[in-house]
Amino acid sequence: MPMTSTEIRNKFIAFFKNRDHTVLASAPLVPENDPTVLFNTAGMQPLVPYLMGREHPSGSRRLVDIQKCVRTGDIDDIGDNTHATFFEMMGNWSLGDYFKFEAINWSYEFLTSKEEGLGLDPQRLYITVFEGDENAPKDEETASIWREIFEKNKVTGERIYFLGKDANWWPAVKKDTDAWSGPTGPCTEMFYDLTGELNSGMTKEEYLKADEQQKVVEIWNNVFMEYVKENGKIISKLEKKNVDTGSGFERMVAVVQGKESIFDTDVFCRIDAGDKRKI
Ligand code: SER
């Protein structure tokens, strides 16, 4: 019997609570003090002041939450298997505390551990890493942390792909003016093979095709925030580096429950008629 969405929710919170993270409730959907957006579009949105360096009211530098979001930026994708306008985002946060090593190792542990985590098959994981551009170098540090994890856990085959800012920078730095200002940096994304049929060692083109065909789905994004962006340009370095994690809750549930679509999970089961749809 696969884990229910409630069990997944509780496991995520417990995993990071056991690693000294303070548990936060979701902020309201309509931001209280952020004129740049109409809704919270990501878990990081309500935390921007603290990602910029202000001390969090809890006094903690490690936070965990599951934030309700409305995202219209990818509205053209709504109606496929993995996008919803309203969704929840699981996040663990380092405010000037841990950085790449701990964040990546804990991501892997939560995804694959049978005891404390979700017990996903590591041989079905694929990783993307920032390839570098005129703003920031290729993220070799992140790639080598991943290689070490895979080697230690005997996860074979080449499964790390270097991609540009559109895929591996949060949010992408564009040359033209971009309304969003705030903390920014390169990210590493984790994808899961929904089919169980893909072979590690795919070329970058083959991997991108599998992504386009929704054979792999993004389940986790670790952003390593080191810079400040204003009007589409990086203007300075943050005093303290942060980790911003975004993991789409509904997608994670679909992957754990072995469903191709988020709409086939228990998140979307009817409760009025006591729907006993099997998960
Ligand atoms: N900010 C990143 C995202 O929304 C990670 O939380 O994907």
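Note that this is a predicted model, so its numbers are computed, not measured. When a ligand or atom number is given, it counts from 1 through the structure's own listing order.
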Check your understanding: Centre of Phe15's six-membered ring, under 6.0 Å away, within 45 degrees of the axis: is that where NZ or CZ of Arg19 sits?
Key ->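 So Arg19 does make the cation-pi contact.
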
Practice item. May I ask you to establish whether Arg62 and Tyr98 are in a cation-pi arrangement, using a distance under 6.0 Å from NZ or CZ to the six-membered ring centre and at most 45° from the ring axis? Key: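 No, Arg62 does not sit over the ring of Tyr98.
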
Point to revise | ligand 1 atoms in contact with Thr245 (distance to a heavy atom under 4.0 Å) | key: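 Selected atoms, number and element: 5 (C), 6 (O).
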
Review point. By number and element, which atoms of ligand 1 are closer than 4.0 Å to a non-hydrogen atom of Met44?
Key: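 Taking each heavy atom of Met44 in turn, ligand 1 has 1 (N) under 4.0 Å.
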
Looking only at side-chain N and O atoms, does [Y] offer a donor or acceptor that is under 3.5 Å from a partner on [X]?
X: Ser113; Y: Glu109; answer: no
X: Ser26; Y: Glu88; answer: no
X: Asp266; Y: Ser5; answer: yes
X: Thr245; Y: Asn92; answer: yes

Practice item. Distance to 0.1 Å, residue and atom name: give those for the protein heavy atom nearest to atom 3 (C) of ligand 1. Key: Trp170 CZ3, 3.6 Å

Review point. Of the protein's non-hydrogen atoms, which lies at the shortest distance from atom 1 (N) of ligand 1, and what is that distance?
Key: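 Of the protein heavy atoms, Asp244 OD2, 2.8 Å lies nearest.
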
Review point. Where on Thr41 is there a heavy atom closer than 4.0 Å to ligand 1, on the side chain, on the backbone, on both, or on neither?
Key: neither

Review point. If you measure from each non-hydrogen atom of Arg71 to ligand 1, which part falls under 4.0 Å: side chain, backbone, both or neither?
Key: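 The answer is the side chain.
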
Review point. Of the choices Asn221, Val223, Asn222, which has the non-hydrogen atom that lies closest to atom 7 (O) of ligand 1?
Key: Asn221

Check your understanding: Hey, does Gly246 come in under 3.5 Å of ligand 1, counting only N/O atoms on both sides?
Key -> yes

